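A quick write-up on the structure given underneath.
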Amino acid sequence: MLLHRDVVVTNPKKVFWPDEGYTKADLVAYYDRIAPFMLPYLKDRPVVLTRYPDGIKGKSFFQKDAPEWVPPWIRTERVYSKDAGRDIDYFIVNDRESLRYVANLGTIPLHMWGSRIGSLERPDWLVLDLDPKGAPFTDVVKVAHALHRLLEELALPSYVKTSGATGLHILLPLGARYDGEIVRTFARLLAMLGVEAEPDISTIARPLRSRDGKVYVDWGQNGHGQTIVAPFAVRPLPAAPVSCPLRWAEVTARLEPGRFTIKTAPARFEKQGDPMAPVLGAGIDLVAALQGLERRLGR
DNA sequence: GACTCGC
DNA sequence: GCGAGTCAACGCTAC
DNA sequence: GTAGCG
Ligand SMILES: [Mn+2]
Ligand SMILES: [Mn+2]
């Protein structure tokens, strides 16, 4: 492997979260400490950085294309973008120093593809993103439970995390077994069934104005080049909350997603381990799942 | 945040 | 050596 | 073709 140099934090005392006084050094220290839990998810995936070089109150921008000047030990992978009509050299964050490097660029959240280099057309998970738009978080919990019940009926394993902001993400393991197009279709079907179970409080309608007060069941992040906020990613919000893997038993009306921050999350996972880790393991049998759904519709 | 350019 | 200027996103659906 | 959304 190319020789790494240790990433020295530039401007370590720069305040990134003014209300709390958290600094850029705090951000990098968090990513450094959570790396053992976070890196398995990032491994071999194109990532999208959301950079806030002047902290959460400053101007931000997305970054997909790694500049020419990144050090040679930073891995990048070239992926053709049809829409942009060009190649993009995505950052690949497979080790602690690379994570420290992108954090030092002022990256607060990292988003990641659902698929890996070598199997870019076959995602490792299906994701449903439950987003309250003016809805109470307790409604997000209700919709999550409706989906969890449905998935249990179908004998499908699922894992849940906070988005770090106001929503929840439900992931099903796929093990890169299926083409993204099929996955997308199945995700839309699951989203529709979730809304069917909780029609008064959820929707799959895309326009923001038409979903006010409801939980948006977003299946659209399943697809080529689509991303989700990585588990353990930090959000540019007061208190520096993080996307936090949960046990299903924790998903109750009393769940407070804001409790999980760069200050509280590391101890939690060092103590309890990561309940979402199995999503990276063996994938479900989609054909059997569709047969199960057919039986269910027959009743 | 980090690079390049002009002075 | 310094300040100024520049750059850092795309995929997809619904209309 | 593109506005809207993530
Ligand atoms: Mn969301
Ligand atoms: Mn700056």
Side-chain angles (χ1 to χ4, degrees), chain A residues 5 7-16 23-25 27-28 31 45-72 74 76-91 98 100-115 120-121 123 127-134 163-170 180-185 187-189 191-192 203-212 214-230 233 235-236 243:
Chain A
R5 215 186 50 211
V7 171
V8 177
V9 181
T10 53
N11 292 311
K13 301 203 159 139
K14 186 164 183 177
V15 175
F16 268 32
T23 62
K24 194 180 169 204
L27 175 69
V28 178
Y31 275 124
R45 282 175 221 289
V47 299
V48 179
L49 314 180
T50 315
R51 292 178 53 192
Y52 289 76
D54 297 312
I56 69 168
K57 300 284 173 68
K59 183 173 149 47
S60 69
F61 55 91
F62 296 101
Q63 186 159 29
K64 296 185 174 183
D65 203 11
E68 292 293 338
W69 45 258
V70 297
I74 290 286
T76 62
E77 288 289 344
R78 191 154 291 180
V79 180
Y80 179 69
S81 159
K82 198 171 196 173
D83 235 32
R86 65 178 182 121
D87 288 327
I88 295 179
D89 292 322
Y90 280 93
F91 287 97
S98 298
R100 288 174 55 87
Y101 181 83
V102 296
N104 184 56
L105 292 175
T107 300
I108 298 185
L110 290 86
H111 289 68
M112 58 181 181
W113 282 39
S115 56
L120 284 178
E121 305 312 319
V127 59
L128 295 176
D129 175 6
L130 310 188
D131 241 320
K133 183 57 176 70
S163 72
T166 54
L168 290 175
H169 294 168
I170 298 174
E181 202 52 51
I182 294 157
V183 174
R184 203 175 166 74
T185 302
R188 178 174 51 215
L189 180 57
M192 292 188 315
T203 179
I204 55 168
R206 186 80 139 122
L208 274 169
R209 358 167 51 91
S210 72
R211 52 171 141 116
D212 198 39
K214 293 199 174 186
V215 178
Y216 176 44
V217 184
D218 183 3
W219 52 270
Q221 295 312 109
N222 299 282
H224 183 84
Q226 301 294 88
T227 61
I228 59 170
V229 170
R235 308 311 299 264
S243 178

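Just so it is clear, the model here is predicted, and its values are computed rather than measured. Lettering of chains follows the sequences in order, A, B, ..., and the numbering in each one begins at 1.
- What separates CZ of A/Arg209 from C1' of C/dC15 is a distance of 15 Å, to the nearest Å.
- A/Lys24 and A/Thr10 share a donor-acceptor pair across their side chains, judged by distance under 3.5 Å alone.
- Under the rule for a side-chain hydrogen bond (donor to acceptor under 3.5 Å, both in side chains), the partners of A/Ser243 that lie at least two apart in sequence or sit in another chain are A/Lys161.
- With sequence neighbours excluded, no residue satisfies ring pair (Phe, Tyr, Trp, His ring centres under 6.0 Å) with A/His111.
- Listed by chain and number, the residues in a side-chain hydrogen bond (donor to acceptor under 3.5 Å, both in side chains) with A/Ser115 amount to none (sequence neighbours excluded).
- Comparing B/dC3 with C/dA8, their C1' atoms are spaced 12 Å from each other, to the whole Å.
- Remark: A/Arg100 engages A/Asp32 in a side-chain hydrogen bond (donor to acceptor under 3.5 Å, both in side chains) (not counting sequence neighbours).
- Taking the C1' atoms as reference points, C/dA9 lies 23 Å from B/dT4, given to the whole Å.
- When the ring pair (Phe, Tyr, Trp, His ring centres under 6.0 Å) test is applied to A/Tyr90, the partners found at least two apart in sequence or on another chain are A/Trp113.
- Identified under the salt bridge (charged side-chain N to carboxylate O under 4.0 Å, His left out) test for residues 56-69 of chain A, with sequence neighbours left out: A/Asp65-A/Arg86.
- First and last contacting nucleotides of DNA chain D toward chain A (any atom under 4.0 angstrom from a heavy atom, 5' to 3' order): D/dG4 to D/dG6.
- Within the 4.0 angstrom heavy-atom criterion, only backbone atoms of the sugar-phosphate kind lie near A/Arg184; the bases stay farther away.
- Applying the side chain to side chain contact (heavy atoms under 4.5 Å, CB included) criterion to A/Pro207, with sequence neighbours excluded, gives A/Ala205, A/Ser210.
- One interatomic measurement links the two molecules: CD1 of A/Ile204 to P of C/dT13, which rounds to 12 Å at whole-angstrom precision.
- Counting non-hydrogen atoms under 4.0 angstrom, A/Thr227 reaches nothing in the nucleic acid.
- Checked against side-chain hydrogen bond (donor to acceptor under 3.5 Å, both in side chains), A/Thr76 has no partners two or more places apart in sequence or in another chain.
- For A/Tyr52, the ring pair (Phe, Tyr, Trp, His ring centres under 6.0 Å) test picks out no residue, with sequence neighbours left out.
- In this structure, A/Val127 and A/Asn222 have side chains that are in contact, with non-hydrogen atoms separated by less than 4.5 Å.
- The span of DNA chain B lying next to chain A, judged by atoms under 4.0 Å from heavy atoms, is bounded 5' to 3' by B/dG1 to B/dC3.
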Could you encode protein contacts along nucleotides 1-10 of chain C as a string, one character per nucleotide from 5' to 3', using B for base contact, S for sugar-phosphate-only contact and - for no contact, with a heavy-atom cut-off of under 4.0 Å? -------BBS
